[in-house]
Trainee: 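Attaching a single structure in structure tokens format; questions to follow.
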Amino acid sequence: MGKEKSTRRDFIKRSSVIGAGLFTMASAKAEVLQQIFSNEPGEKIIDIHQHTNYGDRSDAALLAHQKTMGAAYTILLPAGHPVSMGSTHYGVSNGLQVRATANEACYQLAQQHKEHYFFGANEVPDAPGAVKEIEKYLKLGACVIGELKFNVDCDSKEMQAIYKLAQDYEVPVLMHFQYKMYTWGLERLHKMLRKYKKVNFIGHAQTWWANIDKDHTNQNVLYPKGKVTPGGITDMLLTKYDNVYGDLSAGSGLAALTRDEDFTRSFLNRHQDKLLYGSDCLDTEGTGKACTGWQAIQALKRLVPDKNAERKLFFDNSNKLFRLKL
Ligand SMILES: [Zn+2]
Ligand SMILES: [Zn+2]
């Protein structure tokens with residue numbers, strides 16, 4: 001990234017030095033300005049949530065999807081390695097239940113596209129050697145641990161070993177919350193937020209987003225619809241704790257954004273420093289009705305309070321949190 005950045009900076013610097021002379025050449029100036037703005041990282045989108053071999057989608061189709069959707073930068077989140085254990089529902093949940101591949105696949109694809117792709121580190125938390133495996137990829141430059149989507153308690157000793165590792169390597173953890181299925185105990189997460197103050201926790205998926213609503217009482221409903229009463233668990237965690245963030249990806253994120261647009265406007269305004277754009281969709285289109293990632297981009301653009309907040313959700317928050325140095 002460094003090389004591209006310095007080239008771009010030099011170009012902007014040179015352009016401003018010679019800028020005075022261009023005032024006499026209106027069309028040339030307009031062209032230079034347009035080049036500067038089209039190179040401006042401020043207009044680009046970071047997608048924090050994609051997977052390799054997602055529903056058997058090829059790498060080429062993934063790259064094309066990201067391009068069409070408009071993601072300039074993408075973080076690839078690995079699955080754990082396939083094992084038959086309770087934590088993977090005896091294999092049912094291997095590959096994040098979507099045939100996603102593990103650390104080496106994400107690392108390799110990111111290596112092949114260093115300018116635009118980043119990678120996470122992951123493993124089934126209670127599989128033998130899990131911490132070592134995750135640490136191996138943190139040493140190689142993984143910018144996050146996740147996607148943690150396993151049949152374990154959020155405060156289990158295995159998950160806590162992962163939080164300790166995240167603390168040592170100063171990377172966030174990204175967790176899929178799904179009632180009685182993955183990362184159990186959202187109602188106890190606040191204890192982990194206090195115990196691991198230096199770790200940034202990113203919440204994702206159905207149970208995370210259903211609980212923006214204070215009146216969400218039946219946790220078996222994973223995609224609630226209609227009006228939202230502020231003050232649900234998720235809303236409160238984002239308000240109360242500095243070290244918690246929301247990953248807006250997937251059908252669950254999109255449903256939360258679009259179920260009550262008046263609520264969403266205030267939610268995006270209040271939590272504009274804590275929300276992160278992600279897609280997490282497995283289509284090949286990258287646009288239109290088939291693509292929830294594209295739809296979320298449109299919804300966010302429509303519902304953000306202002307341009308500054310929009311840039312935070314699409315770029316600045318993630319650039320800072322994952323220390324991407326873009
Ligand atoms: Zn995912
Ligand atoms: Zn898509």
Side-chain angles (χ1 to χ4, degrees), residues 45-82 88-89 92-103 105-106 109-110 116-125 142-151 172-178 181-183 201-209 222-223 245-258 276-301 314 318 322:
I45 293 177
I46 300 169
D47 178 355
I48 70 151
H49 196 134
Q50 264 298 346
H51 303 292
T52 47
N53 200 57
Y54 198 170
D56 293 327
R57 182 174 57 188
S58 70
D59 287 350
L62 166 62
L63 298 177
H65 174 276
Q66 295 306 94
K67 207 167 186 181
T68 306
M69 194 177 68
Y73 304 101
T74 302
I75 300 176
L76 299 170
L77 300 174
H81 288 97
T88 63
H89 302 95
V92 170
S93 304
N94 280 335
L96 304 171
Q97 221 185 335
V98 291
R99 296 189 291 284
T101 38
N103 293 325
C106 293
L109 189 61
H116 303 278
Y117 282 75
F118 301 89
F119 61 99
N122 200 10
E123 191 50 289
V124 180
C143 64
V144 56
I145 299 176
E147 175 180 353
L148 295 163
K149 182 180 178 180
F150 303 101
N151 181 24
V173 291
L174 191 149
M175 302 147 93
H176 178 118
F177 290 94
Q178 189 174 338
M181 183 78 183
Y182 297 119
T183 324
F201 291 76
I202 306 168
H204 157 70
Q206 297 95 328
T207 297
W208 178 261
W209 287 116
L222 294 177
Y223 295 93
Y245 291 79
D247 163 1
L248 293 161
S249 71
S252 55
L254 181 62
L257 287 173
T258 51
L276 315 162
Y277 170 75
S279 65
D280 193 20
C281 48
L282 51 61
D283 58 291
T284 51
E285 284 85 343
T287 184
K289 273 208 152 52
C291 182
T292 54
W294 180 85
Q295 288 175 61
I297 293 173
Q298 313 312 312
L300 287 168
K301 285 185 172 170
F314 283 135
S318 300
F322 298 98

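Note that this is a predicted model, so its numbers are computed, not measured. One-based numbering along the sequence shown. When a ligand or atom number is given, it counts from 1 through the structure's own listing order.
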Trainee: How wide is the angle at the Zn ion (ligand 1) between OD1 of D280 and NE2 of H49, to the nearest 10°?
Mentor: 90°
Trainee: Do you know which N/O/S atom name in H51 is closest to the Zn ion (ligand 1)?
Mentor: NE2
Trainee: Using the rule ring pair (Phe, Tyr, Trp, His ring centres under 6.0 Å), only one of Y245, Y73, F314 pairs with Y277; which is it?
Mentor: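 The residue from Y245, Y73, F314 that satisfies ring pair (Phe, Tyr, Trp, His ring centres under 6.0 Å) with Y277 turns out to be F314.
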Trainee: Within the 3.5 Å criterion, strictly below it, is a donor on E285 or T68 matched to an acceptor on the partner's side chain?
Mentor: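 There is no such pair (donor and acceptor under 3.5 Å, judged by atom type) between the side chains of E285 and T68.
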Trainee: State which residue, out of T284, D283, T287, fulfils the side-chain hydrogen bond (donor to acceptor under 3.5 Å, both in side chains) condition with H65.
Mentor: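 The side-chain hydrogen bond (donor to acceptor under 3.5 Å, both in side chains) with H65 is passed solely by D283 among T284, D283, T287.
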Trainee: Work out the angle at the Zn ion (ligand 2) between NE2 of H65 and SG of C291, rounded to 10°.
Mentor: 110°
Trainee: Looking only at N, O or S atoms in D283, which is nearest to the Zn ion (ligand 2)?
Mentor: OD1
Trainee: Between Q66 and H116, is any side-chain donor less than 3.5 angstrom from a side-chain acceptor?
Mentor: no
Trainee: Would you name the N/O/S atom of E147 that lies closest to the Zn ion (ligand 1)?
Mentor: OE1
Trainee: Give me the one residue out of N122, L76, L77, I48 that meets side-chain contact (heavy atoms from CB on, under 4.5 Å) with V144.
Mentor: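 Only one option passes, and that is L77.
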